[in-house]
There are 2 protein chains.
Amino acid sequence: METKIVLIGAGNVATQLGIALTDAGYRVSQVYSRTKRSASLLAKKIKAAAITDLAKIDETAAVYIIAVKDDAIAEVAKKLRLEHGIVAHTSGSVSMDVLKKASKNYGVFYPLLTFTKDKKVDFKTVPICIEGSNKATSTTLQYFAKSISSNVQLINSDQRKVIHLAAVFACNFSNHMYAIADDILKKNKLSLDILKPLIEETALKIRDKSPAKVQTGPAVRGDKKTMEGHLKMLSGDKKLKEIYKLVSATISESK
Amino acid sequence: METKIVLIGAGNVATQLGIALTDAGYRVSQVYSRTKRSASLLAKKIKAAAITDLAKIDETAAVYIIAVKDDAIAEVAKKLRLEHGIVAHTSGSVSMDVLKKASKNYGVFYPLLTFTKDKKVDFKTVPICIEGSNKATSTTLQYFAKSISSNVQLINSDQRKVIHLAAVFACNFSNHMYAIADDILKKNKLSLDILKPLIEETALKIRDKSPAKVQTGPAVRGDKKTMEGHLKMLSGDKKLKEIYKLVSATISESK
């Protein structure tokens, strides 16, 4: 039996999910977006109908995936009153309960990756965190997620919040560390390219080793001379100096 | 003509360099270490002689690579008085001039990667920063480096210091961000495994995009509600809270 899906949202996550689900043999019947242009752009790619009015939603779908910005989820959910089907959002930080009134079967389908519209994602190894308002819903959502990923996990709302906070450190903040390095190099007419192999190696190194155990650098060595030199080089930038001091201090404390 | 090399040091960098240079057809005649055990361990791998006394150094080698801890480089260099050959250290932060008295031809051979003894490194894409006390020395060191890597760059001491500082942010500090994430997850009985695909994607994403442009997360979105929630979750840890605030502030400022 063909499982019908409706995608609410046409951004990065919706686009990549839509493509992966279509590839896995599902039929996406509709793509909703506030603007005709983005709805059509994605709908065309996956042979779905584009809609810009939630009143016209296909009420016979099995799963409705809400992949819109975090602060728009509740607003969209308010406009849904579905008799059948499961409604799930894809957010790491929004509570499942904002979907309560959209359907009696609701849940979360949170893929742990960053997405861009134009880069096709191989979902096979992407962790997908599932939560359901009842057992049948979480079972169905898990089954559904397993058709695109081999890394599907039941994660409750509290755990999901912890994972999201950890992801801010591990991903958002480390990306900002790359950005700071990029700035420092650019100011000295050097390119970040020279650090890219090292950046990738650093990320790959923790595949099988705990990050605390493979920590390198002056802070973990207690190399005060080098750290003083670095702080001198950063003397023009108060914020960077503070970050350098603070992070070095927690590194040396966690030895 | 076979180029003879002496390795001073038997740690991670010396081990990986020794293997790569031997693979590239060079002959490492000696490996020096303070302890017989580590000297022999590496010497055996690359068919060299192990020495623990610098007075017994082979004075007919073309290149002497000092790959010991930063604060031991000057000390080792003091014991060397070479008539021939180039002496180079492998450090990112130590000045070239500590080698001044070891030979009239001295320089830096700084491979930009993190090394572990038991993981063989493919040097082909590893940036190697070269500096020489004179033109002939830097030319020879470049030629030498090019035999193992296709990414060899002439970098002077000031530039090298900038690169090293940038590497502390991009690599040491991002690894610490992984460690913080690991801690947060462990305290909640979750595993860092769930974030690893995202961590790797974050590092790979900047291959062709500037990190500032691909910054994601609550700080860059100005999502105050999520940030307040995160700070609440971190309320038991003053230092982590400070890092969260400070890094979020610089992210939102750099928008």
Side-chain angles (χ1 to χ4, degrees), chain A residues 70 93 112-114 125-127 153 159 161-163 165-182 184-185 188 190 194-207 210-212 214-219 223 226 230 233 239 242-243 246-247 250-251 254, chain B residues 70 93 112-114 125-127 153 159 161-163 165-182 184-185 188 190 194-207 210-212 214-219 223 226 230 233 239 242-243 246-247 250-251 254:
Chain A
D70 282 6
S93 57
L112 257 165
L113 203 69
T114 54
T125 56
V126 174
Q153 304 190 32
Q159 292 173 318
K161 274 180 196 159
V162 170
I163 292 168
L165 172 62
V168 167
F169 280 96
C171 303
N172 303 154
F173 286 4
S174 50
N175 184 74
H176 187 58
M177 297 299 134
Y178 308 155
I180 291 173
D182 193 20
I184 292 173
L185 290 165
N188 291 276
L190 292 160
I194 204 165
L195 288 184
K196 285 177 185 170
L198 189 51
I199 286 171
E200 291 178 18
E201 176 76 7
T202 304
L204 292 173
K205 214 172 187 174
I206 60 160
R207 270 199 182 168
S210 116
V214 295
Q215 183 67 53
T216 55
D223 180 348
T226 300
H230 285 165
M233 289 167 79
K239 279 252 164 68
E242 254 186 280
I243 292 180
L246 201 54
V247 177
T250 64
I251 289 176
S254 59
Chain B
D70 283 6
S93 56
L112 258 165
L113 204 69
T114 53
T125 56
V126 174
Q153 303 190 33
Q159 292 172 319
K161 275 179 195 158
V162 170
I163 292 168
L165 172 63
V168 167
F169 281 95
C171 303
N172 303 155
F173 286 5
S174 48
N175 184 74
H176 187 57
M177 298 299 132
Y178 308 156
I180 291 173
D182 193 22
I184 293 173
L185 290 164
N188 291 277
L190 291 160
I194 203 165
L195 288 185
K196 285 177 185 171
L198 189 51
I199 286 171
E200 291 179 17
E201 176 75 8
T202 304
L204 291 172
K205 215 174 186 175
I206 60 159
R207 268 198 184 168
S210 116
V214 296
Q215 184 67 53
T216 54
D223 180 348
T226 299
H230 285 165
M233 291 168 78
K239 279 254 165 67
E242 255 187 279
I243 292 180
L246 202 54
V247 178
T250 64
I251 290 176
S254 61

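Because the structure is predicted, anything quoted here is derived from the model rather than measured. Proteins come first, then strands; the chains are lettered A, B, ... in the order of their sequence lines, and each starts at number 1.
Across B:A212 and A:A179, no two heavy atoms sit closer than the pair N-CB, 4.1 Å. Shortest non-hydrogen contact noted between B:K196 and A:R207 is NZ-O, 3.1 Å. Taking every heavy atom of both residues into account, B:C171 and A:L198 meet most closely at SG-CG, 3.3 Å. Considering every non-hydrogen atom in both B:A166 and A:A181, the closest pair reads O-CB, 3.4 Å. Considering all non-hydrogen atoms of both residues, B:Y178 and A:A170 come closest at CE2-O, 3.5 Å.
If you measure heavy-atom distances from A:I180 to chain B, the contacts under 4.5 Å come from the side chain alone. If you measure heavy-atom distances from B:N188 to chain A, the contacts under 4.5 Å come from the side chain alone. Interface residue B:I251: backbone and side-chain heavy atoms are both found under 4.5 Å from chain A. When heavy atoms are compared at a cutoff of 4.5 Å, B:S93 approaches chain A solely by way of its side chain, counted from C-beta outward. B:I206 touches chain A through backbone and side chain together, each having a heavy atom under 4.5 Å away.
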Any chance you could lay out the side chain to side chain contact (heavy atoms under 4.5 Å, CB included) test for B:M177 and A:V247, step after step, and finish with the verdict?
-> CA-CA 9 Å; B:M177 298 299 132; A:V247 177; 3.9 Å; yes
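Between A:L113 atom CG and B:L195 atom CG the span is 11.0 Å, to the nearest 0.5 Å. Atoms OG1 and CZ, on B:T250 and A:F173 in that order, are 8.0 Å from each other to the nearest 0.5 Å. To the nearest 0.5 Å, atom CG of residue A:L246 and atom CG of residue B:L246 are 6.0 Å apart. For the atom pair CG (B:L185) and CD (A:Q159), the distance works out to 10.5 Å, reported to the nearest 0.5 Å.
Side chain of A:E200 to backbone of B:L204: no donor-acceptor contact under 3.5 angstrom is found.
The candidate with the highest count of non-hydrogen atom pairs below 4.5 Å against chain B, out of A:I163, A:I199, A:V126, A:V162, is A:V162. Taking chain A as the reference chain and counting heavy-atom pairs below 4.5 Å, the highest number among B:T226, B:D182, B:V168, B:L190 is found for B:L190. The residue among A:I184, A:L165, A:T202, A:T125 with the most heavy atom pairs within less than 4.5 Å of chain B is A:L165. By number of non-hydrogen pairs under 4.5 angstrom with chain B, the leading residue of A:H176, A:H230, A:E242, A:Q215 is A:H176.
Contact of the B:P211 side chain with the A:N175 side chain is registered, since non-hydrogen atoms from C-beta on lie closer than 4.5 Å.
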